[in-house]
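Heads up: numbering here begins at 1 and tracks the sequence. All heavy atoms count here, side chains included; hydrogens, waters and symmetry mates do not. Atoms within each ligand, like the ligands themselves, are counted from 1 in listed order.
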Amino acid sequence: MKKKFLSEGKTKKIYSTENPHEIILHYKDSITALDGEKTEFIQDKGILINEITTFIFKFLNSYGIKTHFIRRINNREQLCVKMDMIPLEFVVRNIISGSLSKRLGVKEGTHSKNVIFEIFYKNDALNDPFINDHHAVFLEIISYEELKEIYKIILNVNNILKKYFFEKNILLVDFKIEFGKNENNQILLSDEISPDTCRFWDKKTMKKLDKDLFRIGLSKNKNKEFVFDAYMEVLKRLNIDCLH
Ligand code: TMP
Ligand code: ASP
């Protein structure tokens, strides 16, 4: 059913299928930070990401959230709706961390009473700048009505995932999601949701269970083990059985 290689990103490859409205996403073992400047390979990491993101998209689908996910094909691949991607990254924050901690000078780990939404414009030449709604509309990437629809979906996704992860003793600190439009111009949640795109902290120990372990970086090989073990821990908490 896999037909032609279409394109490749930092962590996935995309293939066409015999259905022009469907694609195959293939998860690689690469992990990157600093806009790809720092790249490593972690054996079987793509398998873990495929399993976690499959689980999360299925879970969101079960709550009526409309996503690009159709089905898992094998341990590295999933069948998805072919999307016309909106070049925006939507970041949602429950606890202050990462770039926002630096930008506002607020201590990492500070809980926010309100959910914080941010938009980053996906543009390599500009280094994915932080923009606001009005910039996105000005750039004719999206309309105010579509933004309103997306914020509604994001809030819903945040509520569902925050509660679910909390039950698994994980704090959903923040995450990044992307949207696209299908052939009928309908907005669907796309891309992935995984420890590569979220910050997960253990509720009791506050230990990081996500890509920050790689971003921060310790000694190289040890670091890879830490990242793999943390992703496995997320898998375990979600009761996903793989790599057997
Ligand atoms: P930030 O604090 O570095 O802005 O990141 C916020 C959230 O977005 C965090 O969960 C990591 C995620 N993220 C990505 O998935 N891809 C990216 O390129 C960046 C910068 C952040
Ligand atoms: N933009 C980063 C990269 O090089 C991703 C990140 O830090 O999450 O892949």
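Ligand-side atoms of ligand 1 in range of Phe175: 10 (O), range being under 4.0 angstrom from any heavy atom. For ligand 1, the atoms closer than 4.0 angstrom to any heavy atom of Gly98 are 2 (O). When each atom of ligand 1 is checked for a heavy atom of Val91 under 4.0 Å away, the hits are 6 (C), 8 (O).
The residue among Glu89, Arg199, Lys211 with a heavy atom at the shortest distance from atom 6 (C) of ligand 1 is Arg199.
Val91 and Ile65 are not part of a single hydrophobic cluster, where members link through side-chain heavy atoms under 4.5 Å apart.
Under 4.0 Å from ligand 1, the heavy atoms of Arg215 that appear belong solely to its side chain. At a heavy-atom distance under 4.0 Å, no atom of Ser101 approaches ligand 1. When heavy-atom distances to ligand 1 are checked against a 4.0 Å cut-off, Asp174 comes that close through both its backbone and its side chain.
Applying the 4.5 Å side-chain rule to ILVMFWY residues, one finds Ile95, Phe166, Leu171, Val173, Met206 in the same cluster as Trp201. Ile116 belongs to a hydrophobic cluster whose remaining members, ordered by chain and number, are Ile96, Leu100, Leu104, Val106; membership requires side-chain heavy atoms of ILVMFWY residues under 4.5 Å apart, directly or through intermediates.
Using modelled atom types, one finds a donor on one side chain and an acceptor on the other under 3.5 Å when comparing Arg93 with Ser99. Side-chain contact of Gln78 with Thr54: a donor-acceptor pair under 3.5 Å is present, judged by distance alone.
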Could you walk me through whether Phe90 and Phe117 pass the ring-ring contact (aromatic ring centres under 6.0 Å, His included) check? CA-CA 7 Å; Phe90 290 89; Phe117 294 141; 8.5 Å; no
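Note: an N/O pair closer than 3.5 Å links Arg93 and ligand 1 by distance alone.
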